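Source: prediction; values computed, not measured. In the text below, chain A, chain B and the rest are named by the order of the sequence lines, each starting its count at 1.
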Amino acid sequence: MADVNRGNRPLSPHLTIYRPQINSMMSILHRITGVGMSLAFFLIVWWLLAASTGEEYFDTANWVLTSWIGILILVGSCFALWYHFCNGIRHLIWDTGRGLEIEQVKKSGVVTFGIAGFLTLLTIVVAVRGA
Amino acid sequence: MQFQTDRNRVQGLGSAKEGVGHWWTTRITSVALVPLTLLFIFPFVNTLGGGYEAVFDTYGHPLNAIIAILFIGVSAHHLMQGVQVVIEDYVPNKGIRTGALLANTLICWALGLTGVFAIAKIAFTA
C-alpha cells in the first residue's frame with residue numbers, strides 16, 4: 001500500500017460517457033426509489049396522526065391522500081416500494097456472495113422488475129377493492 | 001513511488017469511527033422489513049379508501065396495530081440510514097452536509113415516533 005499513487009490516476013466510471021446498462025441504472029434507481037419514498041412516508045404518518053386527532057382533521061388528510069395528486073404520489077410510491085423491496089432482497093442475496101456473475105445479475109434484474117410490477121398491480125387491486 | 005508510510009498518509013483525516021455498524025444495521029432493518037412490508041401494506045391500502053371508521057376497524061385490532069408500529073419504526077430507521085449515506089455521498093460542502101445530516105436524523109426520528117404514537121392512540125381509542 002505504501003507506494004500506491006493516489007490522486008493522479010483517472011477516476012472511474014466516467015458517468016457522462018458511460019453507456020447506460022441495466023445494472024448501473026437499477027443501482028441508481030434503488031437510491032432514487034428509497035429517497036423518493038420519504039414523501040409517501042411523511043404523508044402516511046400525517047394521515048395516521050390526523051386519524052388519531054379526530055374525524056374532521058382526518059377528512060382533510062384523507063382528502064389530500066385521495067386527491068389526484070395524492071393518488072399519483074401513492075401509486076408511484078407503490079411501485080417504488082416494491083422495486084426497492086425486490087431489489088433489496090437481490091442485494092441481500094449478493095451479500096452472501098451469490099449471483100454476482102454478469103449474466104446472473106442481468107437475469108435477476110429482469111426478474112426484479114417483473115415481480116415488482118406484479119406486486120404493484122396486486123396492491124392497486126387490493127386498494128381499489130377496499131375503496 | 002511515494003515515500004510516505006500508511007500511517008503518515010491517513011494522519012489527521014479523522015477516524016472511521018464505527019466500522020461496519022452502519023452497514024450491518026441497514027441489513028438487519030432490511031431483513032426485518034421483508035415480512036413487515038408484506039404484512040403492513042395490504043391491510044393499509046385496503047383501509048385507505050374506507051374512511052374514518054375503517055381506520056379504527058383495522059388498527060383497533062392489536063395484530064394490525066403492532067405490525068404497523070413495527071413497520072413505521074423500522075422504516076424510519078432504515079430511511080434515516082439510507083438518506084444519511086446519500087447525503088454523505090453527494091453533499092461535498094462540510095457545513096451543508098452536517099446540517100443535512102442533522103436535519104435527516106431529527107426528521108426521521110420525529111416522523112417515526114409520531115407514527116408510532118398515532119397508531120397507538122388509534123388502537124387504544126378504537
Side-chain angles (χ1 to χ4, degrees), chain A residues 1-8 30-35 37-38 40-59 61-62 65-66 70-71 74-75 77-78 81-82 84-89 91-92 95-96 119-120 122-131, chain B residues 1-9 23 26-27 30-31 33-34 37-38 41-56 58-59 68 71-72 75-76 78-80 82-83 85-87 89-90 104 107-108 110-125:
Chain A
M1 282 295 280
D3 61 343
V4 175
N5 177 13
R6 284 157 200 268
N8 298 328
H30 194 73
R31 283 199 160 183
I32 293 168
T33 52
V35 174
M37 276 187 288
S38 57
F41 190 71
F42 173 83
L43 286 175
I44 290 167
V45 168
W46 179 55
W47 183 81
L48 287 164
L49 180 68
S52 74
T53 305
E55 191 159 7
E56 209 174 312
Y57 191 23
F58 174 78
D59 286 340
N62 198 48
L65 261 75
T66 53
I71 287 174
L74 290 178
V75 170
S77 301
C78 182
L81 175 79
W82 291 126
H84 199 89
F85 178 91
C86 294
N87 204 44
I89 293 172
H91 268 280
L92 290 172
D95 288 340
T96 69
L119 286 168
T120 305
L122 183 68
T123 310
I124 292 169
V125 168
V126 172
V128 170
R129 281 173 62 96
Chain B
M1 188 76 182
Q2 281 197 336
F3 296 97
Q4 276 181 312
T5 61
D6 288 344
R7 168 68 185 267
N8 199 296
R9 192 178 298 126
W23 184 89
T26 307
R27 308 299 127 166
S30 60
V31 169
L33 282 169
V34 172
T37 304
L38 290 168
I41 286 298
F42 294 105
F44 169 73
V45 296
N46 194 46
T47 309
L48 194 58
Y52 190 65
E53 256 82 72
V55 180
F56 284 80
T58 303
Y59 296 109
F71 176 80
I72 295 286
S75 291
H78 190 81
L79 178 69
M80 181 180 76
V83 172
V85 173
V86 171
I87 292 168
D89 281 355
Y90 302 136
N104 173 46
I107 291 168
C108 286
L111 275 179
L113 291 177
T114 303
V116 167
F117 170 81
I119 296 158
K121 195 185 168 203
I122 292 166
F124 289 136
T125 50

TODO: Against chain A, label Val34(B) side chain, backbone, both or neither, depending on which of its atoms sit under 4.5 Å from a heavy atom there.
DONE: both
- [ ] Output yes when a side-chain donor or acceptor of Ser30(B) lies under 3.5 Å from a complementary backbone atom of Arg27(B), and no otherwise.
- [x] yes
Open item on the list: I need the Thr120(A) OG1 to Phe85(A) CZ distance, nearest 0.5 Å.
Closed with: 11.5 Å
TODO: Select one option (side chain, backbone, both, neither) describing which atoms of Phe124(B) are under 4.5 Å from chain A's heavy atoms.
DONE: neither
- [ ] Return the set of residues passing side chain to side chain donor-acceptor pair (under 3.5 Å) with Asn46(B) (not counting sequence neighbours), or none when no residue passes.
- [x] none
- [ ] Go through Gly51(B), Gly112(B), Gly50(B) and name the one with the most non-hydrogen pairs under 4.5 angstrom from chain A.
- [x] Gly51(B)
- [ ] Counting only heavy atoms closer than 4.5 Å, note whether Leu92(A) contacts chain B via side chain, backbone, both or neither.
- [x] side chain
Open item on the list: Test your reading of the model: is there a side-chain donor-acceptor pair from Thr33(A) to the backbone of His30(A), 3.5 Å cut-off?
Closed with: yes
TODO: Name the region of Asp95(A), side chain, backbone, both or neither, that has any atom closer than 4.5 Å to a heavy atom of chain B.
DONE: side chain
Task: chain A contact via Leu48(B) - side chain, backbone, both or neither, heavy atoms under 4.5 Å - done: both
Open item on the list: As an exercise, state the distance from CE of Met37(A) to NE2 of His78(B), rounded to the nearest 0.5 Å.
Closed with: 7.5 Å
- [ ] State, yes or no, whether a side-chain contact exists between Cys78(A) and Trp82(A) at a heavy-atom distance under 4.5 Å.
- [x] yes
Task: Approximate separation, where rounding is to 0.5 Å, of Cys108(B) SG and Phe41(A) CZ - done: 7.5 Å
- [ ] With sequence neighbours left out, write down each residue that passes side chain to side chain donor-acceptor pair (under 3.5 Å) with Thr114(B), or none if nothing qualifies.
- [x] none
Task: Proximal component of Ala76(B), with respect to chain A [non-hydrogen, under 4.5 Å] - done: both
Open item on the list: For chain A, which candidate among Thr125(B), Ile72(B), Ile119(B) shows the most heavy-atom pairs at distances under 4.5 Å?
Closed with: Ile72(B)
Task: Per-residue contact mode, Asn104(B) against chain A (heavy atom under 4.5 angstrom) - done: neither
Open item on the list: Please tell me whether Trp47(A) and Phe44(B) form a close aromatic pair, meaning their ring centres lie under 6.0 Å apart.
Closed with: yes
Task: Residue Trp46(A) versus chain B: region with a heavy atom under 4.5 Å - done: neither
Open item on the list: I'd like to know which of Asn8(B), Thr47(B), Leu33(B), Leu38(B) tops the heavy-atom pair count under 4.5 Å against chain A.
Closed with: Leu38(B)
Open item on the list: With a 4.5 angstrom heavy-atom cut-off, is it the side chain or the backbone of Phe58(A) that approaches chain B, or both, or neither?
Closed with: side chain
Task: chain B contact via Ile89(A) - which portion, at a heavy-atom distance below 4.5 Å - done: side chain
